[in-house]
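Heads up, the thing below is written out as structure tokens.
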Amino acid sequence: MSESPECRKLPPLRGTGCDNNGRITGPLAEERTVSLIPKHDGGKKVDLSKIDPGDTGSVSKQDAEQQTVSLLAELAELQDLLYAAGETAVLVVLQGLDTAGKDGSIQHVMGAMNPQSCRVASFKVPTPLEAAHDFLWRIHAETPGRGNVTIFNRSHYEDVLVVRVHDLVPEKVWRSRYATINGFEKLLSDADTVIVKFMLHISKDEQEKRLIEREQDPTKAWKLSPTDWKERELWDRYQEAYEDAINNCSNKYAPWYVVPANHKWYRNLILAQTLVEALRPFRKSWEDRLKTIGSEELKQLRAMRQRHS
Ligand code: AMP
Ligand code: MG
């Protein structure tokens, strides 16, 4: 990978604790965390062939796992503030080829968030009703409101990925969708939605390994589909489609992150770190909002007590 060495530093770990309710608390990752992977927000173009899916950024598995615990505690804390302040929405887009780890990421990283204000929306082959509408119809209906987090397990990007690779619509149609997606994501951003998009990047060999594992493990075989092996034959076309989607739809208001995902522990660290970094800048504003709401409520409570005394 091409990042500079300072991209790879990990914050020092200050340990973790547990409060009386069993919640992980207290010592959180240092605010000065430096990103392990680049943000694609409209500047330099991405070349997927130059990003090693097996990269682990010189981080040991043990360090990564410890840091992930610490970052996830901070993520849960930020999510509480997000919910209480009710000013901002968060949309996380998860894309990747079969077996790339979308489900595992949801379980291990997003699972740290409070289900009260966090949900997953999964997008499959469009139903006849969905297919009778424009491609964003079903997507827009699932976007998060202020205070909430929604994780898209696949997304509107399928309409420029699988749809392109399988020639489900003419090129003119899928190509015009890049601009439509940019406009749509700008609309969400203007309505206070923080958008973070992840492509889980695995190697062809790792995919083969995971498909065979699924075949041999009766607890995982339910995830298999005979089409997975057929889709694999279209590997290069998918890489091309992903690269174009990322390069055409990377913006400051909706950046993409290409996550080296062959090693699940590294993938988890990157996801946790990227989400925390996306939300940290809002902490002060959310805390201020809570203070305002709190003092307003207290004022009303005192007024009520006076009226009844
Ligand atoms: P899975 O995520 O393994 O449950 O599979 C869902 C399937 O739905 C994948 O093969 C996707 O490519 C497919 N899919 C999702 N969105 C679309 C779409 N807009 N058009 C066609 N196929 C889609
Ligand atoms: Mg599948």
Side-chain angles (χ1 to χ4, degrees), residues 48 91-111 119-143 150-185 197-204 206-246 248-249 256 259 261 264 267 271:
L48 286 178
L91 173 62
V92 180
V93 171
L94 269 184
Q95 283 288 160
L97 293 176
D98 292 313
T99 76
K102 297 183 289 295
D103 294 343
S105 301
I106 290 167
Q107 186 182 347
H108 296 292
V109 180
M110 318 306 170
R119 54 185 292 276
V120 178
S122 297
F123 297 97
K124 313 265 180 192
V125 177
T127 63
L129 180 65
E130 288 168 346
H133 291 80
D134 69 85
F135 77 102
L136 291 176
W137 181 74
R138 65 175 183 163
I139 307 289
H140 208 163
E142 300 285 359
T143 53
T150 300
I151 297 139
F152 279 2
N153 182 359
R154 300 190 191 267
S155 65
H156 42 303
Y157 282 94
E158 291 296 327
D159 291 280
V160 289
L161 294 167
V162 65
V163 165
R164 165 179 173 169
V165 169
H166 286 277
D167 298 317
L168 300 181
V169 297
E171 173 167 354
K172 194 166 154 265
V173 174
W174 60 254
R175 212 166 260 294
S176 73
R177 290 180 175 168
Y178 297 134
T180 309
I181 289 174
N182 287 333
F184 172 62
E185 291 179 353
K197 301 179 293 193
F198 294 110
M199 183 226 171
L200 305 180
H201 184 45
I202 54 164
S203 65
K204 206 171 173 188
E206 180 64 21
Q207 189 193 50
E208 184 177 20
K209 202 179 109 205
R210 292 184 185 184
L211 284 173
I212 291 169
E213 261 169 30
R214 281 185 185 178
E215 223 168 298
Q216 292 168 347
D217 181 348
T219 66
K220 288 189 180 165
W222 66 271
K223 279 192 179 184
L224 281 171
S225 154
T227 57
D228 292 346
W229 288 95
K230 291 284 312 156
E231 288 300 280
R232 201 174 140 71
E233 288 167 17
L234 301 166
W235 184 273
D236 291 343
R237 293 193 64 189
Y238 268 110
Q239 298 298 309
E240 197 186 350
Y242 264 103
E243 209 168 88
D244 280 351
I246 294 169
N248 282 296
C249 302
W256 270 106
V259 183
K264 294 172 185 173
R267 171 203 77 198
L271 293 176

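Everything numeric here is computed off the predicted structure, so don't read it as measured data. In listed order, ligands and their atoms are each counted from 1. Here, residue 1 is the first one in the sequence, and each next residue gets the next number.
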(message) Under 3.5 Å between any N/O of Pro126 and any N/O of ligand 1: does that happen in this structure?
(response) no

(message) Evaluate Asp98 for polar contact with ligand 1, using N/O atom pairs at a separation under 3.5 Å.
(response) no

(message) Heavy-atom contact check, 4.0 Å cutoff: does Arg138 meet ligand 1?
(response) yes

(message) When you measure from the centre of the six-membered ring of Phe135, is the NZ or CZ of Arg177 closer than 6.0 Å and no more than 45° off the axis?
(response) yes

(request) Begin from the C-alpha positions of Phe184 and His140 and carry the test side chain to side chain contact (heavy atoms under 4.5 Å, CB included) through to its verdict. (result) CA-CA 9 Å; Phe184 172 62; His140 208 163; 3.6 Å; yes

(message) Side chains of Arg138 and Leu129, heavy atoms from C-beta outward: is any pair under 4.5 Å?
(response) no

(request) Enumerate the atoms of ligand 1 whose separation from the nearest heavy atom of Asp159 is less than 4.0 angstrom. (result) 19 (N)

(request) Show which atoms of ligand 1 fall inside a sub-4.0 Å distance from at least one heavy-atom site of Val163. (result) 20 (N)

Looking only at protein heavy atoms, which one is nearest to [atom], and how far off is it?
atom: atom 2 (O) of ligand 1; answer: Arg154 NE, 2.6 Å
atom: atom 12 (O) of ligand 1; answer: Glu158 OE1, 3.1 Å
atom: atom 22 (N) of ligand 1; answer: Val162 CG1, 3.5 Å
atom: atom 8 (O) of ligand 1; answer: Val125 N, 3.2 Å

(message) Looking only at the aromatic ring of each residue, does the gap between the centers of Tyr157 and Trp256 stay below 6.0 angstrom?
(response) yes

(message) Please state which option from His156, Lys223, Lys124 has its nearest heavy atom closest to atom 15 (C) of ligand 1.
(response) Lys124

(message) Tell me whether Lys209 contacts the main-chain N or O of Lys204 through its side chain, where contact means a donor paired with an acceptor under 3.5 Å.
(response) no

(request) Please confirm whether the backbone N or O of Glu130 pairs with a side-chain atom of Thr127, one donor and one acceptor, at under 3.5 Å? (result) yes

(request) Just say parallel, tilted or perpendicular for the rings of Phe152 and His156, cut-offs at 30° and 60°. (result) perpendicular

